**Student:** 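Right, I'll just put the structure down here and ask away after.
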Amino acid sequence: MLNNRDIVINVKNLTKKFGDFIANDNLNFEVYKGEIFGFLGANGAGKTTAMKIICGLSLPTSGELTVAGYNIYKQQDKIKANIGYMSQKFSLYEDLTVFENIRFYAGIYGLSLKIILRRADDLIKKLGMENMRNTLVRSLPLGWRQKLAFSIAIIHKPQIVFLDEPTGGVDPITRRQFWDLIYDAANEGITVFVTTHYMDEAEYCDRVSIMVEGRIEALGSPQELKSQFDVQDMNSVFIKLARG
Amino acid sequence: MVKIENLSKSYENGQIHALKNINLNIERGELFGLIGPDGAGKTSLFRILTSLLIPDSGNALILNYNTIKDYKEIRKITGYMPGRFSLYQDLSVEENLEFFASVFGTTIKENYYLIEDIYKQIEPFKKRLAGKLSGGMKQKLALSCALIHKPEILILDEPTTGVDAVSRKEFWEMLLKLKKQNITILVSTPYMDEAILCDRIALIKNGEILTVETPQNIINQFDKKIYNVKSQSMYKLMKDLRGFEHTHSTFLFGQFVHFIPNKIDFNTEYLEKYLLDNNHSDIFIKEIMPSIEDCFMELDQAKSD
């Protein structure tokens, strides 16, 4: 999947302080085009803080960052236009229908009505939701909502999509169907930046980073990390690192 | 200890069936797991058991107390930790614990031995407001508060959801210690890997119980073969396996794909040849034991077919 090594996220010496508290302590990493990058860490390790900065929602205390080719200090708006975002907590408007949600988000990203209608049809067909087109999102099962939310997050064909614990609480079959969508997106060249507490999902990533107390303590492919820590699975890597 | 008979509950004028004719018995001293995804009906069942919700039909009894008629007794003998953090954010750690103890007519001192292992981890922060605690510490405080009146049964609604792998492991270590104090524990979780730590589990989805068994028996009852499969491209492997004539089901599982053939006398040479014909390299195929997650998915699929 990593045929080219175009860098789409470049983070150098990223530090973020809140008063005396150092939430992100000199982070350095690169993410490549079309890569599935797992961003892992214990609760409170500093993942959300770093993700907000990379998405252009907050500024670092110091450090150099480019995201989708744009500078984090000068071109935050360009970054926002070139990324997609989905989290488990907030994704869709429950009192709009499936089609209305698609149209609303695509409109926000400035797509023309003609393109919106075409992509809405493609998306609904791909997900097999033809008979749910005019259903309120409120009455969709959670699994459908999450698949729809992901597809809408990439409706404007962003360079990068950020997924913040996208599969929490979902049944095991739906969780895997969701990863099919992630693989399809990566295969089309969209970079996927994902956080999760499911360690089997860490295995699906091309590379993962693991944060501990504000620092990146490990970075590599799942295979590399398992060899480095001399364990069988990513769960053991995680527990070894986070427990010290 | 717990007896649930023909229990049903619906919402929105009967349009949403949260629980459909549930029957379940839980023994004294058991660590019983209710395993299922969001929307399965886990929380509805727990709210009925703790007397906070009235069922449409059926009965739920804890130690022969009826959850409707005898709700006062029910509340004395149950310790409940809801899914959402529901302690008083503007009281300190210590004040929360004192409050819960006094409501149940007891003192921290009287039952301290029960919570000691858990509470001493947050005791250094006992003057801190509960709202200012980290996720893991909130969880420990909530568990201490649910235990302080020495309940007969502890009912924990998804205590580990959204919690990282390390804290999840620590939480289960605490539960296994509590079990030794002879407290019956009923715990729900969407994480299939936690199922194996329970004495018995009920797999639940869409308001129906798929099965009730020991984790080992659920695994033993799996009547198909299952293989770990790997090749140089997992993406292509998934796509190709779906098009294979002998595939019953195939799912991503960590670094492998789990492949279940549609017949029991399946010969892996077929699969190897098929993958070679489709230009796969570094092919790895090995028969394995199913996990609880495999069993859940199999039961789930059989139900929807």
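Everything quoted here is computed from the prediction, not taken from an experiment. Here is how names work: the chains are called A, B, and so on, in the same order as the sequence lines, proteins then strands, and each is numbered from 1.
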**Student:** Would you compute the distance between atom CG of B/Asn206 and atom CG of A/Asp171 and round it to the nearest 0.5 angstrom?
**Tutor:** 8.5 Å
**Student:** Should the heavy atoms of other residues, nucleotides or ligands under 6.0 Å from CD of B/Glu12 be counted, would the total exceed 12?
**Tutor:**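 Counting other residues, nucleotides and ligands, CD of B/Glu12 stays at 12 neighbours or fewer.
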**Student:** Give a yes or no on whether A/Lys52 atom NZ has more than 12 heavy-atom contacts from other residues, nucleotides or ligands under 6.0 Å away.
**Tutor:**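 Counting other residues, nucleotides and ligands, NZ of A/Lys52 stays at 12 neighbours or fewer.
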**Student:** For residues 214-237 of chain A, give me every residue with a non-hydrogen atom less than 4.5 Å from any non-hydrogen atom of chain B.
**Tutor:**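 When heavy atoms of chain B are the reference, residues 214-237 of chain A contributes A/Gln223, A/Lys226, A/Gln232, A/Asn235 within the under-4.5 Å range.
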**Student:** Measuring heavy-atom distances to chain A, does B/Met192 have an atom under 4.5 Å in its side chain, in its backbone, in both, or in neither?
**Tutor:** side chain
**Student:** Who passes salt bridge (Lys or Arg N to Asp or Glu O under 4.0 Å) against A/Lys157, sequence neighbours left out?
**Tutor:** none
**Student:** Out of A/Thr196, A/Asp200, A/Ile173, which one racks up the most heavy-atom pairs below 4.5 Å with chain B?
**Tutor:** A/Ile173
**Student:** Quick one: pull up CD in A/Glu165 and OG1 in B/Thr161 and give me the separation to the nearest 0.5 Å.
**Tutor:**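 The distance works out to 10.5 Å.
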**Student:** Can any side-chain N or O of A/Arg176 pair as donor or acceptor with the backbone N or O of B/Phe251 at less than 3.5 Å?
**Tutor:** no
**Student:** Measuring only between side-chain heavy atoms, which start at C-beta, is A/Asp184 closer than 4.5 Å to B/Lys239?
**Tutor:**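 Of all side-chain heavy-atom pairs linking B/Lys239 with A/Asp184, at least one is under 4.5 Å.
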**Student:** Taking atom CZ of A/Arg145 as the centre, does the number of heavy atoms from other residues, nucleotides or ligands within less than 6.0 Å exceed 12?
**Tutor:**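 Check passes, neighbour count above 12.
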**Student:** In terms of heavy-atom pairs under 4.5 Å, which option from B/Gln255, B/Gln15, B/Met234 contacts chain A the most?
**Tutor:** B/Gln255
**Student:** Surrounding CD of A/Glu213 (heavy atoms of other residues, nucleotides or ligands, distance under 6.0 Å), is the total greater than 12?
**Tutor:** no
**Student:** State, with a plain yes or no, whether a side-chain heavy atom of B/Arg242 is found less than 4.5 Å away from one of A/Asp180.
**Tutor:**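 SC-SC contact between B/Arg242 and A/Asp180 confirmed.
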**Student:** Indicate the atoms forming the closest heavy-atom contact of A/Glu203 with B/Gly254, along with that distance.
**Tutor:**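 Distance-wise, the nearest heavy atoms are CB-C, 3.3 Å.
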**Student:** Judged by atom type as modelled, is there a donor-acceptor pair below 3.5 Å linking the side chain of A/Tyr204 to the main-chain atoms of B/Leu252?
**Tutor:**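 Present.
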**Student:** Quick one: what part of B/Phe253 sits under 4.5 Å from any heavy atom of chain A, side chain, backbone, both or neither?
**Tutor:**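 Both parts, backbone and side chain.
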**Student:** Can you tell me if B/Lys177 has over 12 outside heavy atoms packed within less than 6.0 Å of its NZ?
**Tutor:** no
